[in-house]
Amino acid sequence: MSSQNTVLVKDNDGMPIMKFLKENIKPQGKFFTPFNMISIPIILLGIGIIVVRFIKGIGSVTNLSQEVPWGLWIGFDVVTGVAFAGGAYVITFMVYILHMKKYRSIVRATVLNGFLAYVFYAGALLLDLGRPWNVINPIIGNSFGVSSVLFLVAWHFLLYMIAMLIEFSPAIAEWVGLKRARKILSGMTLAAVIFGITLSTLHQSGLGALYLMAKEKIHPLWYSEFIPILFFVSSIFAGLSMVIFEGSISHKVFGKQISDKNHKSHNGIIHGLSKICTITMFVYLFLQVLTFVHGKRWVYLDSPMGRWYLVEMIGFVLLPMVLFFYSYRKQNIFLIKLAALITMVGIIINRLNVTVIGFKWDAAVHYVPSWMEIVVTLTVLFIEIWIFRWIVNRLPVLRDSPSWVNKK
Amino acid sequence: MKINRRNFLAVLGVTGVSLATGEKLQSSQENENETEFFGILYDATRCVGCQSCEFACAAEHGLPEPDPSDMPEVGKLRKTNENRRTVVNAYETSKGEIYIKSQCMHCNQPACSSACLTNAMKKTYEGPVTWNGDKCMGCRYCMVSCPFEVPKFEYHSPNPKIVKCNMCYDRVIEGKLPACVENCPAEAITFGSRRELVAEAHRRISENPDDYHNYIYGENEAGGTGFMYLSPVPFEELGFNTSIQKSSYPELTSGFLYSVPSIFVLWPAALLGIQKALKNNKSEEEDYE
């Protein structure tokens, strides 16, 4: 007890833990930044809309209908958001399983990003549930719908959040200054990583498998029995593109926290990731071509949806793949970032094509999200960025760990 | 082999997961061959479009009484919604005006109940597919999955329910007829065990081959449904979705679900193996931070 206290005192400039937390909760830095000025009104508006939603029902703020029961909140927030959060399992696989030490410096930021993404997208899911008070039913075991893909996805979300929290927890221990706890938590990392990769494989593909029963409702250019595999493979380069994108922004915004060594190595990391993106996108494109031929899909090409399909495949898969390859060979960091950006747009298009645009594409009335659905989506996104910024400004995420970590 | 804490935790994780997924292997589907499901046979040659079934259904389930001005008309598609569980529509066909009642099909292997992660949507032993509000979390995955687009959702309620025909389950277990069947003056709707109804439908077709189109809609659609239709004309003319697959919808996800336990067992083992194989033994013990 007493030895623990001395550690705390020494590590945090002699402050007791409660005072330390109080000091740290306060906001830091300038308040009147462009990001704050844009995000605060949207967040306030979004919270207002959420209140209306819980008083008057989902239909009062969304354009969902009896024919289209899942819209932007599922198709974008959950399905697309989770694909982007795939970076966490790919990077932890590379660092902890393949021992690619080069990428160690971006593990924490990526895992934190993934963790927050899951927390907020699962949170967004609660807004979409008509009877959210029953959300614990499939967890507490009084009604296990084990034949449901959604049951699997729900459980995996929960378990993967715990796994990512364990992967990230050493950073929390370093922040608070708990040496002993840090050692124990670090020891759990490999188990959490292995568990997390397994969970990710299954629920990244599971999000695609959710739509398998909507066989006649999804346009045949996007429906096939291979949706789960396509979703899984695309989550690899979706996640890595997000890592490139988020890393580039973080290095600008939080540049002061990053050591010179990590600043220098960052271009090398982006360069290495571009190679992995090229390979996985090639595999994905190959699978798409196989699916195309297997499903005899050429008969659908001569239609508006068919041309839209070609735009997605050529403009947002083939083009960024070639760009990743070219910029990898030329070592052109700017072009890699551009390719990552195009890839991310392509992932948004692909996920929305399956879940929203291609869903009941032949219906008389098309679903278009209401402005309120978009504001709530932005609210979720902005709050997540606020929390991310709050944590990065305090915990050793981008900055180096405190000096006591490496001392034996 | 040396067992340190890290290995132990990894092994523990693998074992725990295998145990947890063992349960998933057991499918919740009942063997429908051993169960005599109740069903309903609808005969479009008899229906006169009087809407008695709509009124009886609304009265039975406490729904608003149907608007008398909203009659079945050719060219107007009336749909079920959160205020009405069944509707009758009129179609102009090659054999004159024909009425079709629509409601839940009560599939033998319903997509909705397989989709439901809380077992709120359930195929009962008696045959009706029912909804339980104490379990439902309102995710609407049943609506996404149902090929007939039957479940409806109360979008404008803070305590929304999923609304659909439940074949008057409460009446059925008391031994009574569903409200629509009991109140049909034309005897167009017949209630009985599904096996008997299929036989009855075949009998009607073979005794009056000129009056019936030789097809029972629902005998094989979506793997067989509890509600089946007879008609004098091909079902394409009556607004039926004839692209519905003949095998059951839950089968579409069973391949994926069966792969889950194998991945849960193989993946951690493979990952741990790769991790150990690639580890440079000469270097000091790595610190996983």
Side-chain angles (χ1 to χ4, degrees), chain A residues 54-60 62 64-67 69-70 93 96-99 128-132 134-135 137-138 142-152 154 170 186-191 193-195 197-198 201-202 205-206 209-217 225 228 401 405-406, chain B residues 5-6 9-10 12-13 17 23-24 26-29 79 81 111 114-120 135-141 143-145 147 149 152-160 241 243-245 249-250 252-253 255-257 260 263-264 267-268 271-272 274-275 278-280 287-289:
Chain A
F54 278 105
I55 295 171
K56 291 187 149 184
I58 294 171
S60 57
T62 69
L64 295 175
S65 65
Q66 306 293 359
E67 283 78 30
W70 283 359
F93 175 70
Y96 295 110
I97 306 296
L98 301 181
H99 308 278
D128 201 64
L129 290 183
R131 309 165 70 84
N134 279 342
V135 72
N137 276 350
N142 63 343
S143 23
F144 273 3
V146 287
S147 58
S148 170
V149 179
L150 196 59
F151 178 79
L152 174 122
S186 304
M188 291 159 71
T189 299
L190 182 62
V193 163
I194 289 177
F195 192 47
I197 296 168
T198 310
T201 312
L202 286 168
S205 49
L210 281 181
Y211 287 86
L212 284 176
M213 276 199 283
K215 193 180 174 188
E216 286 90 12
K217 297 181 187 176
E225 67 262 47
S401 298
V405 170
N406 292 318
Chain B
R5 185 180 60 222
R6 200 171 298 136
L9 285 171
L12 196 68
V17 164
E23 197 183 16
K24 278 187 194 163
Q26 297 168 358
S27 167
S28 66
Q29 288 166 6
K79 290 181 173 176
N81 58 32
S114 143
C116 186
L117 73 168
T118 60
N119 286 341
K135 295 188 170 184
C136 174
M137 59 161 79
C139 70
R140 306 190 293 288
Y141 187 31
M143 301 169 73
V144 171
S145 304
E149 297 183 36
K152 307 291 173 185
F153 182 76
E154 293 178 334
Y155 279 107
H156 291 278
S157 162
N159 181 12
N241 183 351
S243 67
I244 297 280
Q245 65 171 22
Y249 277 75
L252 293 168
T253 52
F256 173 78
L257 288 170
V260 170
I263 289 192
F264 247 123
W267 243 233
L271 290 169
L272 197 60
I274 297 169
Q275 201 271 342
L278 294 180
K279 194 167 180 176
N280 185 355
D287 183 16
Y288 297 101
E289 63 193 52

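Numbers restart at 1 for each chain; the letters A, B, ... are given by sequence-line order, proteins then strands.
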**Asked** CD1/Ile97(A) to CG/Leu278(B) distance, rounded to the nearest 0.5 angstrom?
**Response** 9.0 Å

**Asked** Heavy-atom distance under 4.5 Å to chain A: side chain of Cys136(B), backbone, both or neither?
**Response** both

**Message:** Could you tell me if Gln66(A) and Lys79(B) have a donor-acceptor pair between their side chains, going purely by distance under 3.5 Å?
**Reply:** no

**Item:** Between Ser148(A), Gly57(A), Ala209(A), Pro132(A), the one whose heavy-atom pairs under 4.5 Å with chain B are most numerous
**Value:** Ser148(A)

**Request:** Starting from the C-alpha separation in whole Å, work towards a yes-or-no answer on side chain to side chain contact (heavy atoms under 4.5 Å, CB included) for Leu64(A) and Arg140(B).
**Result:** CA-CA 11 Å; Leu64(A) 295 175; Arg140(B) 306 190 293 288; 3.3 Å; yes

**Engaged part of Ile263(B) at the chain A interface, taking heavy atoms whose separation is under 4.5 Å** = both

**Shortest non-hydrogen contact from Pro160(B) toward Gly130(A)** = CD-O, 3.2 Å

**Asked** What part of Lys56(A) is in contact with chain B, defined as an atom under 4.5 angstrom from a non-hydrogen atom: side chain, backbone, both or neither?
**Response** backbone

**Request:** Tell me, for Phe256(B) versus chain A, whether the close heavy atoms (under 4.5 Å) come from the side chain, the backbone, both or neither.
**Result:** side chain

**Request:** Please state whether the rings of Phe264(B) and Phe195(A) are parallel, tilted or perpendicular, taking 30° and 60° as the class boundaries.
**Result:** tilted

**Message:** Counting only non-hydrogen atoms closer than 4.5 Å, does Ser243(B) touch chain A with its backbone (N, CA, C, O), its side chain (CB onward), both, or neither?
**Reply:** both

**Request:** Identify which part of Ser205(A) has an atom lying under 4.5 Å from any heavy atom of chain B, answering side chain, backbone, both or neither.
**Result:** both

**Asked** Which answer fits Ala214(A), side chain, backbone, both or neither, if we ask what part of it has an atom under 4.5 Å from a heavy atom of chain B?
**Response** both

**Exercise: identify the closest heavy-atom pair between Thr253(B) and Met213(A)** = CG2-CG, 4.0 Å

**Prompt:** How long is the span from the CG atom in Leu272(B) to the CD1 atom in Ile194(A), to the nearest 0.5 Å?
**Reply:** 4.5 Å

**Message:** Please classify the contact of Leu202(A) with chain B as side chain, backbone, both or neither, using a heavy-atom distance under 4.5 Å.
**Reply:** both

